[in-house]
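Atoms considered below: every heavy atom in the structure, side chains included; atoms not considered: hydrogens, waters and symmetry mates.
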Amino acid sequence: MEKIRIADLSRPETAIYNEHRESTLIHCNEPEPGIFIAESPKVILRALAAGYEPISVLMEEKQQGLEGAQVLAALEEKKADIPVYLGDRELLISITGFALNRGVLCAMKRRREKSVLELLSASCAERICILEEVENPTNVGAIFRSAAALSMDAVLLSPGCSDPLYRRAARVSMGTVFQVPWTYIPEGEWPGKTLEMLRGQGFTSVAMALRENAMAVDDPTLLAKKKLAVIMGTEGDGLRDVTIDGADACVCIPMAHGVDSLNVAAAAAVAFWELGRKA
């Protein structure tokens with residue numbers, strides 16, 4: 001690694017950190033996969049452990065003797081021949097969100113996404129989550145963290161969901177977006193074609209929704225299913241009727257004190273706790 005001290009952010013090599021939106025970084029190498037920015041040592045270390053390839057590091061200089069030292073050691077171990085840009089906090093604080101990332105950013109190459117069938121086969125999945133139009137990266141990150149902690153084997157995302165590799169999503173997930181296998185469902189295949197395919201793979205799909213005929217989330221017949229796909233809906237409106245009608249069952253979390261529902265990330269944690277277990 002080459003350590004380069006910088007006095008400003010005008011270098012072309014650092015433009016990916018402060019001049020480009022995440023949505024443009026995704027497409028910067030088309031037709032090859034694009035770039036994402038991992039922030040904070042824990043997130044970066046989990047990305048490296050998962051095999052993501054680093055491009056460069058931007059680090060507050062004092063981090064060399066703090067948590068950033070773990071990142072540098074991991075890069076040395078991988079023999080990563082990349083530049084490490086070092087600057088003082090006053091300079092780097094000008095980058096949006098830098099104050100939240102514990103002084104370390106790492107640009108990394110994205111990988112080609114697996115197809116849904118490839119993902120399910122590679123992960124030997126029996127408990128999966130499907131997200132429909134969950135647009136808030138904070139919610140996506142929180143759902144991944146719960147999925148990792150509560151025995152979900154994979155996550156599928158409809159095309160309208162926020163990207164799990166967005167900086168905020170990855171940070172909120174504490175890097176678990178690099179531990180739980182995930183992929184996007186192709187445009188036009190959700191819900192009908194995907195639910196039918198999952199049925200063919202032995203999955204019972206359960207839509208988390210408030211309907212009078214909904215089963216309770218702790219119904220023992222659900223735990224008895226060998227393979228379950230738990231479907232969570234968008235913030236606010238929840239799942240679409242076509243999705244609920246296409247699922248094999250409708251499931252709800254019993255509410256008290258007149259509360260009608262939970263935030264999607266909180267509901268996911270409860271659902272994963274109950275349905276991630278196996279009878």
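V259 and L210 end up in different hydrophobic clusters when Ile, Leu, Val, Met, Phe, Trp and Tyr side chains are linked at under 4.5 Å. No path of Ile, Leu, Val, Met, Phe, Trp and Tyr side chains, each step under 4.5 Å between heavy atoms, connects Y166 with Y17, placing them in separate hydrophobic clusters. Under a hydrophobic clustering in which Ile, Leu, Val, Met, Phe, Trp and Tyr are joined whenever their side-chain heavy atoms come within less than 4.5 Å, directly or via other members, M174 and M152 fall into different clusters. Linking Ile, Leu, Val, Met, Phe, Trp and Tyr residues whenever their side-chain heavy atoms come within less than 4.5 Å places L222 and M208 in a single cluster. Note on L262 and I130: separate hydrophobic clusters, where clusters join Ile, Leu, Val, Met, Phe, Trp and Tyr whose side-chain heavy atoms are under 4.5 Å apart, directly or indirectly.
Between L86 and I4 there is no side-chain heavy-atom pair separated by less than 4.5 Å. Put simply, the side chain of R199 reaches to within 4.5 Å of the side chain of D248, judged on heavy atoms. Using a 4.5 Å heavy-atom cutoff, the side chains of R112 and E32 are in contact. Side-chain contact between I231 and L239 is present, with heavy atoms from C-beta onward closer than 4.5 Å. A heavy-atom distance below 4.5 Å is not found between the side chains of L131 and L156. Considering only heavy atoms from C-beta on, L92 stays 4.5 Å or farther from M59 through its side chain. M1 places none of its side-chain heavy atoms less than 4.5 Å from the side chain of D81. The shortest distance between side-chain heavy atoms of S56 and V84 does not fall below 4.5 Å.
Checked for salt-bridge contact, K114 and E118 miss the test: no charged N lies under 4.0 Å from a carboxylate O. A salt bridge does not link D163 with R168: every distance from a Lys NZ or Arg NE/NH1/NH2 to an Asp or Glu carboxylate oxygen is 4.0 Å or more. The pair D241-R211 meets the salt-bridge criterion, with a side-chain N (NZ, NE, NH1 or NH2) lying under 4.0 Å from an Asp/Glu carboxylate O.
The minimum heavy-atom distance linking V172 with R145 is given by the pair O-CD, 3.9 Å. Considering all non-hydrogen atoms of both residues, A229 and L198 come closest at CB-CD1, 4.2 Å. Residues I143 and A265 approach most closely at CG1-CA, 3.8 Å, considering heavy atoms. Smallest separation of non-hydrogen atoms from A169 and V177: O-CG1, 4.5 Å. V217 and P254 make their closest contact through CG1-CD, 4.5 Å (heavy atoms, listed as atom of the first residue, atom of the second, distance). Of all the heavy atoms in F203 and E126, the pair that sits closest is CE2-O, 3.8 Å.
Side-chain N/O atoms of E132 and S158 include no donor and acceptor closer than 3.5 Å.
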Quiz item: What do the steps show when you test T176 against R46 for side chain to side chain contact (heavy atoms under 4.5 Å, CB included), and what is the final call?
Solution: CA-CA 8 Å; T176 55; R46 285 183 169 165; 3.9 Å; yes
Quiz prompt | L25 and R110: CA distance, side-chain angles, deciding distance, side chain to side chain contact (heavy atoms under 4.5 Å, CB included) verdict | solution = CA-CA 10 Å; L25 290 176; R110 288 176 176 265; over 6 Å; no
Exercise. Quick one: do I37 and M108 satisfy side chain to side chain contact (heavy atoms under 4.5 Å, CB included)? Show the steps, please.
Key: CA-CA 6 Å; I37 306 295; M108 294 183 146; over 6 Å; no
Exercise. Check the pair V57 / V104 against side chain to side chain contact (heavy atoms under 4.5 Å, CB included), numbers first and verdict last.
Key: CA-CA 7 Å; V57 171; V104 190; 4.1 Å; yes
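One finds the CG atom of D245 at 11.0 Å from the CG atom of L195 (value rounded to the nearest 0.5 Å). Rounding to the nearest 0.5 Å gives a distance of 8.5 Å between CD of E113 and CG of L157. Atom CD1 in I6 sits 5.0 Å away from atom CG in L58 (nearest 0.5 Å). Put simply, CD on E22 and OG on S162 are 8.5 Å apart, with the number rounded to the nearest 0.5 Å. L228 CG to E274 CD: the interatomic distance, rounded to the nearest 0.5 Å, is 12.0 Å. For the atom pair L117 CG and Q201 CD, the distance stands at 5.0 Å (nearest 0.5 Å).
The backbone N or O of N136 sits less than 3.5 Å from a side-chain atom of E235, completing a donor-acceptor pair. Proximity of a side-chain donor or acceptor of Y85 to a complementary backbone N or O of E13 within less than 3.5 Å is not detected. Looking at Y52, its side chain never comes within 3.5 Å of a backbone N or O of F178 through a donor-acceptor pair. Listed for the T234 side chain is a donor-acceptor partner under 3.5 Å among the backbone atoms of E133.
Summarising the local packing, NZ of K42 is surrounded by 12 or fewer heavy atoms from other residues, nucleotides or ligands at distances under 6.0 Å. At most 12 heavy atoms of other shown residues, nucleotides or ligands fall within 6.0 angstrom of atom CD in E77.
The only member of V155, L120, V230 that meets side chain to side chain contact (heavy atoms under 4.5 Å, CB included) when paired with I128 is L120.
E53 meets the side chain to side chain contact (heavy atoms under 4.5 Å, CB included) test with K109; sequence neighbours excluded. Among residues two or more places apart in sequence or in another chain, the side chain to side chain contact (heavy atoms under 4.5 Å, CB included) test is passed with L66 by K62, Q63.
Annotation: cation-pi pair R167/F36 absent, no NZ/CZ under 6.0 Å from the ring centroid and within 45° of its normal.
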